[in-house]
Amino acid sequence: MKISWSKIAKIDYWNNIEYLEREWTLNEVYNFMDKVDELIDLLAKSNVSFKSTSYKNIYQVPVLKQITLYYKYENDQIELLRFWNNYQDIGKFTL
């Protein structure tokens, strides 16, 4: 299964890493990166879907308690859309 990253997913990902580097330890940074890698591997290798959202063909899965991955599944392709920090105002959430 092909996995692609949206531009905003890349920005979210690096913003989360920068935050963890600033406020936490390298251990948390590596933990976040490992969890993301595990989820991407799981999505690529398995025929799994996580919790659906109110958006068509868009699903969500927690990476960590504080961060949720949103992704789209279409035509045997998965696009990572957002790495949303759950402490942000959900009213500002966009895809």
Side-chain angles (χ1 to χ4, degrees):
M1 178 106 30
K2 184 176 186 225
I3 304 280
S4 63
W5 292 58
S6 71
K7 184 176 182 178
I8 192 73
K10 291 177 187 177
I11 292 168
D12 287 345
Y13 178 80
W14 289 109
N15 284 343
N16 282 304
I17 287 175
E18 288 172 4
Y19 171 78
L20 290 170
E21 286 176 330
R22 233 182 8 258
E23 301 294 330
W24 297 89
T25 67
L26 276 181
N27 190 44
E28 280 79 21
V29 173
Y30 295 142
N31 185 39
F32 171 68
M33 294 170 74
D34 289 344
K35 293 283 186 183
V36 170
D37 289 343
E38 289 170 15
L39 281 172
I40 290 172
D41 285 345
L42 183 63
L43 288 169
K45 293 177 183 175
S46 304
N47 188 15
V48 296
S49 291
F50 291 95
K51 184 179 177 185
S52 61
T53 67
S54 58
Y55 299 96
K56 185 179 178 185
N57 297 329
I58 296 180
Y59 302 89
Q60 63 182 5
V61 57
V63 178
L64 302 170
K65 182 177 119 180
Q66 305 86 347
I67 300 169
T68 300
L69 167 61
Y70 289 84
Y71 68 94
K72 176 170 56 173
Y73 177 73
E74 255 181 356
N75 304 324
D76 293 331
Q77 181 172 330
I78 293 172
E79 181 180 13
L80 308 181
L81 301 171
R82 296 295 309 254
F83 288 92
W84 182 257
N85 183 316
N86 298 322
Y87 293 115
Q88 295 177 97
D89 179 1
I90 194 68
K92 296 181 180 178
F93 180 81
T94 59
L95 290 173

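Under the 4.5 Å side-chain heavy-atom criterion for Ile, Leu, Val, Met, Phe, Trp and Tyr, W84 and I11 are members of distinct hydrophobic clusters. Note: the hydrophobic cluster containing Y59 also contains V61 (ILVMFWY, side chain heavy atoms under 4.5 Å, direct or indirect links).
For the residue pair A44 and M1, the shortest heavy atom distance occurs at O-CB, 3.3 Å. When every heavy atom of Y87 is checked against every heavy atom of K65, the shortest pair comes out as OH-CE, 3.8 Å. In terms of heavy atoms, W5 sits closest to V36 at CH2-CG1, 4.3 Å. Taking each heavy atom of I3 and L43 in turn, the nearest pair found is CD1-CB, 4.3 Å.
In terms of modelled atom types and a separation under 3.5 Å, the side chain of T68 and the main chain of Q60 share no donor-acceptor contact. Checked by atom type and distance alone, the side chain of Q77 never pairs as donor or acceptor with a backbone atom of E74 at under 3.5 Å.
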* To do: Let me see the working for L42 and F50 under side chain to side chain contact (heavy atoms under 4.5 Å, CB included), right down to the final yes or no.
  => CA-CA 11 Å; L42 183 63; F50 291 95; 3.6 Å; yes

* To do: Before giving the answer on side chain to side chain contact (heavy atoms under 4.5 Å, CB included), spell out for F32 and V63 the whole-Å C-alpha distance, their side-chain angles and the decisive distance to 0.1 Å.
  => CA-CA 7 Å; F32 171 68; V63 178; 3.9 Å; yes

* Asked: Y70 and Y55: side chain to side chain contact (heavy atoms under 4.5 Å, CB included), yes or no, with the steps?
  -> CA-CA 10 Å; Y70 289 84; Y55 299 96; over 6 Å; no

* To do: Go through Y73 and I78 one step at a time and tell me if the side chain to side chain contact (heavy atoms under 4.5 Å, CB included) criterion holds.
  => CA-CA 5 Å; Y73 177 73; I78 293 172; 3.6 Å; yes

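Rounded to the nearest 0.5 Å, atoms OG (S6) and CZ (F83) are 8.5 Å apart. One finds the CG atom of L20 at 10.5 Å from the CE atom of M33 (value rounded to the nearest 0.5 Å). Here the CZ atom belonging to R82 is positioned 14.0 Å from the NZ atom belonging to K72, to the nearest 0.5 angstrom. If you take CD1 on I17 and CG on D12, they are separated by 11.5 Å, rounding to the nearest 0.5 Å. With rounding to the nearest 0.5 angstrom, the OG atom of S4 is 7.0 Å from the CG atom of L80.
Under the side chain to side chain contact (heavy atoms under 4.5 Å, CB included) test applied with K35, the options I40, L64, L69, I67 reduce to a single match, L64.
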